[in-house]
Amino acid sequence: MVDAWLFEEGRTYEQVVEGCLREFGLRVSKSSVGRYYERVSANRFAKVQREKRLALEPELSPAEAYAELLRRIAELAWEEMDQPLEEFNHKLVVRLVRVLIAARREKHTATRVWVERRKAENWLARECFEGIGDGRTEEAACELSADVSWKEGATSPRRV
């Protein structure tokens, strides 16, 4: 109710003090109402600013958000390294760089897995088409190709 008096009805501090005494039986000072108003209005202002900032930022996909996070981590590391040597936080920079290196390894591994998967899919498709060309039915050719496993780390598939 006090929020409504202050923010919606625009009552003065004096009117709010009188309203608190009349409605709730609470004796409050004008300065406490002023401190309350300042705190609540600061929180409301911060909330509005946060909402405006989020409205301006486009909705990011998880991959884009991850890339943005890594960019910000790299930026933080660079800013910390720009500090004078006496103020330079070595542990923080090492931690940030470790995160970036781990992310790079993760990306590299994901790329390698994707490439190997594409190789396997292409090889399997080629086997199916060659089987069809040999006069087998499509199902029989693809079943035969599915019996071939992909040896981990190998450059070509091997038959089981």
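Throughout, residue positions are numbered sequentially from 1 according to the sequence presented. Keep in mind that what you see is a predicted model, and the values were worked out from it rather than measured. Keep in mind that the numbers below use all heavy atoms, side chains included, and drop hydrogens, waters and symmetry copies.
H108 NE2: 12 or fewer foreign heavy atoms inside a 6.0 Å radius. Within 6.0 Å of CZ in R27 there are 12 or fewer heavy atoms belonging to other residues, nucleotides or ligands.
The two residues Y66 and A103 have their closest heavy-atom pair at OH-CB, 3.5 Å. Nearest approach of Y13 to K30, heavy atoms of both residues: CD1-O, 4.1 Å. Among all heavy-atom pairs drawn from L70 and L100, the shortest one is O-CD2, 3.6 Å. The two residues A77 and V93 come nearest to each other via the heavy atoms O-CG2, 4.3 Å.
Contact annotation: the side chain of M1 approaches that of W5 to within less than 4.5 Å [non-hydrogen atoms, C-beta and beyond]. By the 4.5 Å heavy-atom criterion applied to side chains, E14 and E18 are counted as neighbours. The shortest distance between side-chain heavy atoms of R98 and R95 does not fall below 4.5 Å. Between K119 and V115 there is a side-chain heavy-atom pair separated by less than 4.5 Å.
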Exercise for review: For salt bridge (Lys or Arg N to Asp or Glu O under 4.0 Å), just list the numbers for R112 and E116, CA-CA rounded to whole Å, side-chain angles, deciding distance to a tenth of an Å, and then say yes or no.
Suggested key: CA-CA 6 Å; R112 286 188 59 206; E116 293 300 320; 5.8 Å; no
**Study point:** Derivation of the salt bridge (Lys or Arg N to Asp or Glu O under 4.0 Å) call for R35 and E38
**Key:** CA-CA 5 Å; R35 286 192 305 271; E38 292 298 322; over 6 Å; no
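A continuous path of hydrophobic side-chain contacts links F88 to V97 [ILVMFWY only; heavy atoms under 4.5 Å]. One hydrophobic cluster, built from ILVMFWY side chains closer than 4.5 Å, holds both L26 and Y36. Hydrophobic clustering places L92 together with V99 (ILVMFWY residues linked when any side-chain heavy atoms are closer than 4.5 Å, directly or through intermediates). Both L6 and V40 belong to a single network of hydrophobic side chains, linked directly or stepwise wherever heavy atoms of I, L, V, M, F, W or Y lie under 4.5 Å apart. No continuous path of hydrophobic side-chain contacts links W114 to L124 [ILVMFWY only; heavy atoms under 4.5 Å].
The backbone N or O of P84 sits nowhere less than 3.5 Å from a side-chain atom of E87 that would complete a donor-acceptor pair. With hydrogens and angles ignored, the 3.5 Å screen pairs a side-chain donor or acceptor of E80 with a backbone N or O of N89.
Ring-plane geometry between Y37 and F7 is classed as parallel, the angle between the planes falling under 30 degrees on a 0 to 90 degree scale with a further cut at 60.
Rounding to the nearest 0.5 angstrom, the gap separating the CD atom in E68 from the CD atom in E75 is 8.5 Å.
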